[in-house]
Amino acid sequence: MVAMPRQLWGTSESKRQFLIRAEQEEGVVSPLLHGQFAEHLGSCVYGGLWVGENSPIPNIHGYRKSAIEYLKALGVPVLRWPGGCYADDYHWREGIGPRKQRAKRVNISWGNYIEDNSFGTHEFIGLCRLIGAEPYLAGNVGSGSPSELRDWVEYCNYPGGSKLSDERAANGSPDPFRVKYWGVGNESWGCGGNMRPDYYGGLYRQFASYLHEMGGVEPFLIASGPSGDDTRWTRGLLDTTSPIMPNGLSMHYYSGGADEPTKFAASAMEEQFKSFRHVEDAVVHQRSVLDGYREGSRIGLVLDEWGVWDKIPEADEKRYGKLWQQSTMRSGVAAGLGLNLFNRQADKLYMCNIAQITNVLQSLLITDGPEGERCVRTTTYYAFQLFKEHRGNTAVHVDNENEDPLGVSVSATKASGKLVVSLVNPKDSEEVTVECMLRGVTPRNATARILHHADRNAANSFDAPDAITLQAHPARIEAQKLVVDLPPLSVVTAVVELN
Ligand code: AHR
């Protein structure tokens, strides 16, 4: 009898082989690679994370309760705030003290709405404490001053007895906030002041001179880095700052999309997915540029803003706020491509923050407007949940001869007694059986979970919040191989127990 080819999910069956070299270690996957970003933009903060204490929406001291619970369950290693572009027009003193007395300002970055500053430094630190995130404050260089930023450091970190630390205590927080991560401007080549790299480099030197250790916390200063792989900016900046080197360099790399989030054509999706290869190349390239400087190898490369940025329908923005974007199955696959490349380049990256945590661009959560109670976990949330298995593990090398940017993407990490493998199939209609030959370990058994929907435009909506969630997925060990069937548009994480 002739065996019939086995039909899987899609239209044809194909096979891909990878070699995982578990003995070839490539750095630790810092939990900081799974960081998040929150800006005063649209309904990210107001109406998203923060509804206020008097809101009928269930809240914990003003924070949206469901959002807190979901974020806590996922674990947010680091949270960057208050921008983005907004950071370079933010004056932190306007966001402290009794809320009713806080200054009302116009948010010139995101639509001239009235910002009442009811969410300020104390509220941000409170949020970080609730969800267990390390705070990262983005300081104002574009329209601020060295003294303003220096004072923010003192207000946050000095334990007590100085004017500013006593003011913090009077505002309800005798304990210092102990903020380690400080951004020195944001996109200084663009919305953060439209500067030239040497001009910004000079400002960086000036600002950094006044940002000091306080209360035992040495500030980790993150300079505004390139847009994408712009080496002209990186070199111009470091040529100027040298020999004073920032602790981190913030690079922004969005993956643009030509279509509306829930109306993507296959071709537009492919173009967007291909950009993740460019992101990976840019990480490798920027790292090599940094390493070329004396002391440059000590600079942490921070992919400070990343994710898909689609063509956003005006109606959605009107209803839910600026840059509100639905996260579809396509977005979940994109998140998988990004998180996979972070594993592969773990030794070259210090931190990565997806834009943005709630209601803006590629978010973990969406909420139905300031008045709406509903809060939905997106496909991106679930992709992050799949990759949580890698946090703190050691990345290991995966041989991949396939040059196709739309081919199956694989990464692997190891920890005590286990190997964790993530696989992404970005193809719209091609199912794949993946065989990973495991070298340097003895596998015992494997379990896996999958994020998958056959429709690239399917999403978790307010009416169907659990349309796409993680499911158990078969994975098998055959001799020294991990074998997993990947339907089109799927993200899988397999945990291989080792002997
Ligand atoms: O995330 C939205 C915006 O994109 C940020 O404010 C800015 O830094 C970037 O251009």
Side-chain angles (χ1 to χ4, degrees), residues 35-49 76 78-91 105-113 115 119 124 136-144 181-195 197 200 204 222-230 233-234 237 248-257 261 272 275 279 282 301-312 316-317 320-327 331 334-335 338 351-366 378 380:
Q36 299 288 327
F37 166 36
E39 181 165 8
H40 287 229
L41 192 183
S43 55
C44 180
V45 174
Y46 300 112
L49 301 165
V76 174
V78 61
L79 183 59
R80 174 176 182 247
W81 174 85
C85 295
Y86 182 70
D88 279 293
D89 189 42
Y90 182 65
H91 301 284
R105 298 297 302 268
V106 177
N107 183 329
I108 56 167
S109 306
W110 299 111
N112 276 6
Y113 74 84
E115 159 69 57
F119 190 95
F124 172 65
Y136 166 3
L137 293 174
N140 180 347
V141 169
S143 71
Y181 297 111
W182 293 87
V184 184
N186 168 78
E187 295 193 352
S188 303
W189 39 263
C191 64
N194 283 305
M195 301 173 196
Y200 169 70
Y204 176 83
I222 300 172
S224 171
S227 170
D229 192 15
D230 181 359
W233 177 270
T234 306
L237 164 64
L249 183 84
S250 153
M251 157 181 172
H252 292 185
Y253 207 138
Y254 285 98
S255 298
Q272 191 171 55
S275 78
V279 178
L301 185 57
V302 177
L303 183 56
D304 235 354
E305 294 185 22
W306 71 277
V308 296
W309 190 325
D310 306 332
K311 183 176 165 197
I312 301 179
D316 283 357
E317 286 198 302
Y320 301 117
K322 264 216 169 314
L323 301 194
W324 189 93
Q325 186 179 280
Q326 178 55 284
S327 195
S331 326
M351 183 194 286
C352 303
N353 300 315
I354 194 168
Q356 301 190 1
I357 190 164
T358 311
N359 286 336
V360 169
L361 300 176
Q362 192 171 357
S363 53
L364 297 180
L365 305 174
I366 49 170
T378 65
T380 299

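Start at 1 and go down the list; that is how both ligands and their atoms are numbered. Throughout, residue positions are numbered sequentially from 1 according to the sequence presented. Quick caveat: nothing in here was measured; it's all calculated off a predicted structure.
- Near ligand 1, F37, E39, L41, G84, C85, W110, N186, E187, H252, Y254, E305, W309, Q356, L361 each place a heavy atom less than 4.0 angstrom from the ligand.
- In terms of modelled atom types and a separation under 3.5 Å, the side chain of T378 and the main chain of L364 share a donor-acceptor contact.
- Between the Q272 side chain and the S255 main chain, a donor and an acceptor come within less than 3.5 Å of each other.
- When the side-chain contact (heavy atoms from CB on, under 4.5 Å) test is applied to S227, the partners found at least two apart in sequence or on another chain are W189.
- Scanning for side-chain contact (heavy atoms from CB on, under 4.5 Å) contacts around A334 gives F273, F276, V308, Q362, with sequence neighbours left out.
- Using a 4.5 Å heavy-atom threshold, the side chains of S109 and H40 count as separate.
- Applying the salt bridge (charged side-chain N to carboxylate O under 4.0 Å, His left out) criterion to D88, with sequence neighbours excluded, gives no partner residue.
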